[in-house]
Q: 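Quick one: the structure is below, questions incoming.
Naming: A, B, ... by sequence-line order, numbering from 1 per chain. We use all heavy atoms of the structure for the numbers below, so side chains are in, but hydrogens, waters and symmetry mates are not. A quick note: this is a predicted structure, and the numbers were derived from the prediction, not measured.
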Number of protein chains: 2
Amino acid sequence: MTLDALPPHQGGAEQLARLLAQALLAGHWQPGDVFPRELDIGKHFAVSRNQVRNALTSLTAAGLLERTAGRGTLVREVGDWHLLDPLMSEWMTGLVNLDPQLVRAIYAFRFSAEPVVAGLAAQAAQTEDIERLESAYAGMKSSAGSVEARAEHAEYDVAFHDATYRASHNLVWRQMGYLLRPSIMALIHRSQHRTDTLDDSLARHRQVLDAIRSHDASAAETAAREVLRRTAIDLGIVS
Amino acid sequence: MTLDALPPHQGGAEQLARLLAQALLAGHWQPGDVFPRELDIGKHFAVSRNQVRNALTSLTAAGLLERTAGRGTLVREVGDWHLLDPLMSEWMTGLVNLDPQLVRAIYAFRFSAEPVVAGLAAQAAQTEDIERLESAYAGMKSSAGSVEARAEHAEYDVAFHDATYRASHNLVWRQMGYLLRPSIMALIHRSQHRTDTLDDSLARHRQVLDAIRSHDASAAETAAREVLRRTAIDLGIVS
DNA sequence: CTTGTGGAAATGTCAGACATTTACTAGACT
DNA sequence: AGTCTAGTAAATGTCTGACATTTCCACAAG
């Protein structure tokens, strides 16, 4: 694989990093492939070697690449990617054709984890957590009608789930909020968002909110599972 | 806080990063404090500005620091730390006096997550997963007797739990194996490792192994909970 | 067949100058 | 007095060129 298929770029090393990362995430290179050399990348995109090195440092930290002096830069296999790195979430979020294997893996994780998190949230939620959830829910509701507000709706959707993770009041679970954004964005992108499915999704979110507000852990668990079942349908994972 | 209290260092930027990170993790600086300037760090440790910048890049990527041109380097608050970053695990592993709040947070996470993971592992485990678990269990057993083999025992303990996460065959859960090392190391460091508690721990691990081997998800869940109850006692979280 | 030696090619490191951003200070003007 | 506006200092960010180090490979000597 060469660099020729990649679009031009404009801006600093972060833009370059995003560009290269998304090419990797889209599978333009196979695991074990040698990645282009620093100087070639710099020449192709007309940036300094510094910028290239900064970008590659990010990709290496995210587990996408493996660099060794003398040998060059190799592409690591999917199992080694740091899916929980916030940078990864950012890169995945803007990607339209995310690898279906990844989408399914993230969904499977959420399906096993989020009920537990919702249960913890029901136990640990404070007033401010409830307020965050209510505010996000209200946003989802108000942006549910129009088609052009689907980006806004997605943001509120992300905010709702992130608020759930934060409400667990656990430092580790809280970190995983990052993972939600690409998952939900993929959801929004694939689903048609017909009015009935949106209403259904909204109702299920409300169940979660109510259960957490009344500190009912087991109700929160089952309600979270129901939300994710709806998600699975919209993602095309089950029918 | 100044740099004077830190031990000297020897080696590349990674060593320096570890040193500074461990100082941060130990709470030598408060959130919001200004971190020493690049040139001062370089002067103090007699390294080039490049090394310092490389080290600080790692700390920034891990969410420990926030850097802005003109203002300087600030220490971020605990909630922003990327606890799931593998580098963080590496830094925490070698730290003797880990913040008890962190130890408890990681333990609470494991207590809520690991039963689920064990359940998934029971459903998804292949032959090679079982073999990994058995090999780790055998290592734990063989190194259980002697006191001087406690480091070796810890490695097998880590390997056992890591194998459990891997056996879930989920790309996201698999990433979390990193988090186990500092947790288990803290455990080893604090517990006296008397023979009876070791035997008890071993027996509970065996329950998990058996449940996964026989693909009994709910048995694996309860067995994992039992392992973690033993862990909680040894960590001094409950009595 | 093995071993060693040299060179090519890649990433890693260094040093210095310069750019950019930020915060603060002093002064002019109203 | 108060407020806006240069101007300056100080920090991180960037560029450039040279050099160091590691790795691989080819080729020749034993």
Q: Nearest-nucleotide wise, let me know which of A:T68 and B:T68 is further upstream toward the 5' end of DNA chain D.
A: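 That would be B:T68.
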
Q: For B:L65 and D:dT12, give me the distance from atom CG to atom P, rounded to whole Å.
A: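 Those two atoms, CG and P, are 11 Å apart.
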
Q: Considering just the side-chain nitrogens and oxygens of B:R71, establish if one lies under 4.0 Å of OP1 or OP2 belonging to D:dA11.
A: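 Checking D:dA11 against B:R71, no side-chain N or O comes under 4.0 Å of OP1 or OP2.
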
Q: When you check the gap from the basic side-chain N to the acidic O, do B:K43 and B:D40 get nearer than 4.0 Å?
A: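 Looking at B:K43 and B:D40, the cut-off is not met.
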
Q: Which residue, A:S48 or A:G70, contacts DNA chain D at a nucleotide closer to its 5' end, judged by nearest heavy atom?
A: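 Result: A:S48.
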
Q: So, is B:R67 near the phosphate of D:dA11, with a side-chain N or O under 4.0 Å from OP1 or OP2?
A: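 No, because none of the side-chain N or O atoms of B:R67 sits under 4.0 Å from OP1 or OP2 of D:dA11.
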
Q: Using a strict cut-off of less than 4.0 Å between a Lys/Arg side-chain nitrogen and an Asp/Glu carboxylate oxygen, indicate whether A:K141 and A:E134 qualify as a salt bridge.
A: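 Here A:K141 does not pair with A:E134 in a salt bridge, since their nearest N and O are not under 4.0 Å apart.
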
Q: Please state how far atom CG in A:L39 lies from atom P in C:dA8, giving the value in whole angstrom units.
A: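 About 17 Å, once rounded to whole Å.
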
Q: Return yes if the base of D:dG13 and the side-chain atoms of B:R49 contain a donor-acceptor N/O pair under 3.5 Å, otherwise no.
A: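 Answer is yes: a donor-acceptor pair is held.
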
Q: Going by heavy atoms in the side chains, are A:F109 and B:L171 under 4.5 Å from each other?
A: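 Result no, sub-4.5 Å side-chain heavy-atom pair not found.
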
Q: Aromatic ring centroids of A:H205 and A:Y137 under 6.0 Å?
A: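 Ring centres of A:Y137 and A:H205 not closer than 6.0 Å.
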
Q: Consider the side chain of A:N50, meaning its heavy atoms from C-beta on, and name the nucleotide among C:dG12, D:dC15, D:dT12 that approaches it most closely.
A: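 Selected nucleotide: D:dC15.
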
Q: Of all the nucleotides listed (D:dT14, C:dG12, C:dT13), which has the minimum atom distance to the side chain of B:Q51?
A: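 Looking only at heavy atoms from C-beta outward on B:Q51, the closest nucleotide is C:dT13.
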
Q: Measure the distance from CD on A:E38 to C1' on D:dT22 and round it to the nearest whole Å.
A: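 Taking atom C1' of D:dT22 as the reference, CD of A:E38 is at 14 Å.
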
Q: Could you state the CG-P distance from A:L74 to C:dT11, rounded to the nearest angstrom?
A: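 Taking atom P of C:dT11 as the reference, CG of A:L74 is at 10 Å.
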
Q: Are the side chain of B:Q22 and the backbone of B:V96 linked by a donor-acceptor contact shorter than 3.5 Å?
A: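 Side chain of B:Q22 to backbone of B:V96, a donor-acceptor pair under 3.5 Å: no, none is there.
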
Q: Establish, with yes or no, whether the OP1 or OP2 oxygen of C:dT11 is under 4.0 angstrom from a side-chain nitrogen or oxygen of A:T73.
A: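 Yes, A:T73 has a side-chain N/O under 4.0 Å of OP1/OP2 on C:dT11.
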
Q: Measure CD/B:Q15 against C1'/C:dT13 and give the value in whole Å, please.
A: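 So the two atoms are 17 Å apart, to the nearest Å.
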
Q: Check whether any side-chain nitrogen or oxygen of B:R37 sits under 4.0 Å from OP1 or OP2 of D:dA11, and answer yes or no.
A: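 For B:R37, the contact criterion (side-chain N or O under 4.0 Å from OP1 or OP2 of D:dA11) is met.
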
Q: Rounded to whole Å, how long is the line connecting atom NZ of B:K43 with atom P of C:dC14?
A: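 Result: 16 Å.
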
Q: What is the distance, rounded to the nearest whole Å, between atom CG of B:N54 and atom C1' of D:dG13?
A: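 Result: 14 Å.
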
Q: Figure out the CZ/P separation between A:R53 and D:dT16, and round it to whole Å.
A: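 Spelled out: CZ on A:R53 to P on D:dT16 is 15 Å.
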
